[in-house]
Amino acid sequence: MSTTAADLALKTDLFIDGQFVPSETGKRFATVNPATGETLAEVAEAGQADLDRAVAGARKAFESGPWAAMKPRQRGRILTRAAELLLSRADAFGRVETLDNGKPIFESAKIDMPAAAECLAYFGESADKLYGDTHPGRTDAFLMTIREPVGVVGAITPWNFPLLQAMWKIAPALALGNAVVLKPASVTPLTALMFGELLAEAGLPPGAFQVVPGPGPVVGKAMAEHPGIDKISFTGETETGKAILRAAAGTVKRVSMELGGKSPNIVFADADLDAAAKGAINAIFYGKGELCSAGSRLLVQESIHDALMEKVVERAKKMTPGDPLDPKTRLGALVSEKQRDTVAGYVAKGESEGARLVAGGKRAAVNGKGAFFEATVFDGVRPEMTIAREEIFGPVLATLTFQDENDAVSIGNSTIYGLAAAVWSRDVKKAIRAAKALKAGTVWINAYNLYDPGLPFGGYKESGFGRERGHYALEEYSQVKSIWVDLT
Ligand code: NAD
């Protein structure tokens, strides 16, 4: 099985104006397969001159030429074609995503890539469906609004769902006629480059989509400051988001921020405990727990604590790390050795602060190699402990207990984050009351980690602002113009 850039026929230069071009810096950086420690590819590293070139090309595409002149439905057809191409190549894209990120091939090829294709198709169909309105306030004038693209969008994305997270930005932005400059995370740049080529094949004119891999504090920061970029759409850590907000202030850029989370997964005593246990496992171990929406805090009503934990621990112990390329694997390698060290540090902290380790807790290897970590469950966690407050971004579950509904909501809301939450209960009224009281952008009831391209996703509190997907995403990548027509 091939695992090098040459074997995989990967293109590793920058993708600018419809072509792969070397960076002017001449620098390259390695991207590593975290399941083996082997270098997968040496990718061109963009510098300021490369970014300037990408932005100039994007501006040109946005302002003149075929992309600027294209009818919305034509744009939509390109996205629909790209969706079909991506779906037909889900295995090839999924394989590269797995090699680069360490996630199970089951997730990347069977879930992430089809979801990315579905997102493209959804926004392809939306390209001519962002309506303005008319205002009936006057008899002496005809008043209306139209929505126009914001211009050049700078997308800065994380490593956990490299192509899918990017797609939530690329698809709505392109649907409306914006041009996009994408900076993927440096540990997982490969599928973004593949996707540039796919979009060109689908008919996207040169310049409308550019990919400039490079270090966040250099290329990402320069994007946030760049006068040729009209909007930054960022997904990543809350602290990085704050730095980008500061950098974007100089040019009064529009920004949207999808940031971190510490989401509560709340199980009431009247829940279906088998379903809740299964949901708790999916909530924290899907994507190796490297998930912004991970249900990393399991909040259990005291009266069912023992019964639920028996089921959760039994399931967790069966989640053994495996070769990410094996279709049966459900727990892959963490994205890097560095991330694994961070996770191990949090586990040590949990133990030293008095939480009880009831499953996992150790580094693991598959075939003697790789940045694997066991599926880990802590019990007896208190809200003030570090592992209940900070985003670990790994397969580590912190279990806390609560007494009643008020207690559950108050513990649930006791973090700086507000990205997602879930409630498990057979009492519809209680579940909806809790869902309303939880300060989170998404609340699942009797489910976890389910997504639809039409349902918006984004944060409350320090989990960010702005919404991805659905009609709200179209608003994020457009601006309103008011038009007054004199009738006198
Ligand atoms: P990160 O913040 O380290 O990096 C994200 C991106 O920002 C990368 O492309 C990085 O190169 C770039 N970057 C880094 N420093 C920068 C700077 N100073 N200026 C501009 N860009 C910079 O995040 P990560 O480690 O790649 O991803 C994990 C984080 O992302 C977690 O906190 C997770 O919760 C969050 N996340 C959020 C969502 C969401 O939708 N809310 C989704 C996925 C991940």
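Just so it is clear, the structure is predicted and the values come from calculations on it, not from any experiment. In listed order, ligands and their atoms are each counted from 1. This chain uses plain numbering: 1 for the first residue, then up along the sequence.
- Atoms of ligand 1 lying under 4.0 Å from at least one heavy atom of Leu419, given by number and element, are 41 (N).
- You'll find the side chain of Glu197 stays beyond 4.5 Å of the side chain of Glu201, heavy atoms only.
- Checked against a 6.0 Å centroid threshold, the rings of Trp444 and Tyr451 count as neighbours.
- At least one heavy atom of Ala185 sits less than 4.0 Å from an atom of ligand 1.
- Put simply, the side chain of Phe457 reaches to within 4.5 Å of the side chain of Cys292, judged on heavy atoms.
- Among protein heavy atoms, atom 17 (C) of ligand 1 sits closest to Gly216 O, 3.5 Å.
- Look at Phe234 and you'll find a heavy atom under 4.0 Å from some atom of ligand 1.
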Next item on the list: Walk me through it: do Ser108 and Thr98 pass the test side-chain hydrogen bond (donor to acceptor under 3.5 Å, both in side chains)?
Entry: CA-CA 6 Å; Ser108 54; Thr98 282; 2.6 Å; yes

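- Here Glu239 has no heavy atoms under 4.0 Å from ligand 1, in either its backbone or its side chain.
- Ranking protein heavy atoms by distance to atom 24 (P) of ligand 1, first place goes to Trp159 NE1, 3.4 Å.
- Remark: side-chain polar atoms of Glu374 are not paired, donor with acceptor, to backbone N or O of Thr320 under 3.5 angstrom.
- Taking atom 36 (N) of ligand 1 as the reference point, the nearest protein heavy-atom neighbour is Cys292 CB, 3.4 Å.
- Put simply, the side chain of Ser256 reaches to within 4.5 Å of the side chain of Ser233, judged on heavy atoms.
- Among all non-hydrogen protein atoms, the one lying nearest atom 32 (O) of ligand 1 is Glu391 OE1, 2.6 Å.
- For atom 4 (O) of ligand 1, no protein heavy-atom neighbour is found at a distance under 4.0 Å.
- Cation-pi check for Lys103 over Phe161 is met; the charged atom lies under 6.0 angstrom from the ring centroid and within 45 degrees of its normal.
- Residue contacts with ligand 1, taken as heavy atom pairs separated by less than 4.0 Å, involve Thr235 via backbone and side-chain atoms alike.
- Looking only at protein heavy atoms, the nearest one to atom 9 (O) of ligand 1 is Thr157 O, 2.7 Å.
- Side-chain atoms of Tyr417 and Thr238, non-hydrogen and from C-beta on, do get closer than 4.5 Å to each other.
- Of the options Phe373, Trp159, Tyr346, a ring pair (Phe, Tyr, Trp, His ring centres under 6.0 Å) to Phe393 is made by Trp159 and by none of the others.
- For ligand 1, one of its N or O atoms has an N or O atom of Glu237 under 3.5 Å away.
- Those atoms of ligand 1 that come under 4.0 Å of a heavy atom in Ile156, given as number and element, are 6 (C), 7 (O), 9 (O), 12 (C), 21 (N).
- Using a 4.5 Å heavy-atom cutoff, the side chains of Asp91 and Arg95 are not in contact.
- The cationic atom of Lys231 (NZ for Lys, CZ for Arg) lies less than 6.0 Å from the six-membered ring centre of Tyr477 and within 45° of the ring axis.
- Of all the atoms in ligand 1, the ones that sit under 4.0 Å from a non-hydrogen atom of Gly220 are 19 (N), 20 (C), 21 (N).
- Looking from atom 18 (N) of ligand 1 to the surrounding protein, the closest heavy atom is Pro217 CA, 3.8 Å.
- An N or O contact shorter than 3.5 Å links Thr240 to ligand 1 by distance.
- With hydrogens and angles ignored, the 3.5 Å screen pairs no side-chain donor or acceptor of Gln165 with any backbone N or O of Thr157.
- Here Ile244 has side-chain heavy atoms under 4.0 Å from ligand 1, and that is the only part of it that gets that close.
- Each of the following atoms of ligand 1 lies closer than 4.0 Å to a heavy atom of Gln165: 42 (C), 43 (C).
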Margin query: Quick one, Tyr448 with Trp424, criterion ring-ring contact (aromatic ring centres under 6.0 Å, His included). Give me CA distance, side-chain angles, the key distance, then yes/no.
Written below: CA-CA 10 Å; Tyr448 208 100; Trp424 298 81; 7.9 Å; no

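- In terms of protein heavy-atom proximity, atom 43 (C) of ligand 1 is closest to Asn160 ND2, 3.2 Å.
- For the ligand labelled ligand 1, residue Phe457 lies inside the 4.0 Å heavy-atom shell.
- Checked by distance only, ligand 1 and Lys183 come closer than 3.5 Å through their nitrogen or oxygen atoms.
- Pro158 CB, 3.2 Å is the protein heavy atom nearest to atom 27 (O) of ligand 1.
- At least one test fails for Arg363 against the ring of Phe372: distance under 6.0 Å to the centre or angle within 45° of the axis.
- Ranked by closest heavy atom to atom 30 (O) of ligand 1, the top entry among Ser336, Gly236, Gly458 is Gly236.
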